[in-house]
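Working notes, structure below.
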Amino acid sequence: IMFHSTLALSLLLIAVTSNLAMAIKKEKRAPQTLSRGWGDEITWVQTYEEGLYQAKKSNKPLMVIHHLEDCQYCQALKKAFAENEEIQEMAQNNFIMLNLMHETTDKNLSPDGQYVPRIMFVDPSLTVRADLTGRYSNRLYTYEPQDMMFLIENMKKALRLIQTEL
């Protein structure tokens, strides 16, 4: 019996230490589950309603990314988005960020259909910016990995529009 409890205790210690080592390796921050791979340094809101509230309160635009786990275009866009330092920094500092894997009840967020990926901006005045579109006329709010400069321009426009219109 003594042997069993010593063994159990040793195994417990090993489990605790390896978890601790992994936690330390990941720096002092726990992984941000809400990021879903779009950027762990970004503070993500959980719901569209929370996003609207935060946008209004902070006077920052809300950026809504619609995506699905099993969509290869979403995965490719996510990778480009997460690896782009300028996008990550702007998203972190100047935007309220939301990524959704389901549709919202707000029909304004799907003016030309419920495809993924699509990225839309909502002004702090809670106006959906249907004028901030990507490069494709058949899916106005979609971006591809090579469109990151285009997305950056739209992010800057979303920020400029607040200053001029509110």
Please tabulate, for the side chains in residues 147-157, all donor-acceptor contacts under 3.5 angstrom to protein atoms that are two or more places apart in sequence or on a different chain.
residue : atom : partner : partner atom : Å
Asp147  : OD1  : Arg135  : NH1          : 2.5
Asp147  : OD1  : Tyr136  : OH           : 3.3
Asp147  : OD2  : Tyr136  : OH           : 2.9
Asp147  : OD2  : Glu144  : N            : 2.7
Asn154  : ND2  : Thr133  : O            : 2.8
Asn154  : ND2  : Tyr143  : OH           : 2.7
Lys156  : NZ   : Glu86   : OE2          : 3.1

Has [X] got more than 12 heavy atoms of other residues, nucleotides or ligands less than 6.0 Å from its [atom1]?
X	atom1	result
Tyr115	OH	yes
Glu103	CD	yes
Glu85	CD	no

Distance check, rounded to the nearest 0.5 Å: [X] atom [atom1] versus [Y] atom [atom2]?
X	Y	atom1	atom2	answer
Asn93	Lys60	CG	NZ	7.0 Å
His102	Gln114	NE2	CD	12.0 Å
Asp40	Leu34	CG	CG	10.5 Å
Met120	Ile65	CE	CD1	13.0 Å
Ser110	Leu140	OG	CG	12.0 Å
Ser35	Asn99	OG	CG	7.0 Å

Is there a path from [X] to [Y] through hydrophobic residues (I, L, V, M, F, W, Y) whose side chains come within less than 4.5 Å of each other?
X	Y	result
Ile96	Tyr48	yes
Leu52	Phe121	no
Leu98	Ile42	no

*What residues form a side-chain contact (heavy atoms from CB on, under 4.5 Å) with Glu50, not counting sequence neighbours?*
Val45, Gln46, Thr47, Gln54

[X] versus [Y]: any side-chain heavy-atom pair under 4.5 Å?
X	Y	answer
Arg129	Pro61	no
Trp44	Thr33	no
Tyr141	Val64	no
Val122	Asp106	no

*Could you name each residue pair satisfying ring-ring contact (aromatic ring centres under 6.0 Å, His included) that touches residues 59-83, not counting sequence neighbours?*
Trp38-His67, Trp38-Phe81

*List the steps, then state whether side chain to side chain contact (heavy atoms under 4.5 Å, CB included) holds for Ile119 with Leu77.*
CA-CA 11 Å; Ile119 299 180; Leu77 180 64; 4.1 Å; yes

*Could you list who else is in Leu68's hydrophobic cluster, with ILVMFWY side chains joined at under 4.5 Å, directly or through other members?*
Val116

*With Lys78, which residues qualify under salt bridge (Lys or Arg N to Asp or Glu O under 4.0 Å), at least two apart?*
Glu69

*asked:* My understanding is that only residues two or more places apart in sequence, or in another chain, count here; which of them pass salt bridge (Lys or Arg N to Asp or Glu O under 4.0 Å) with Glu49?
replied: none

*Between Asn108 and Val128, is there a donor-acceptor pair closer than 3.5 Å when you use the side chain of the first and the backbone of the second?*
no

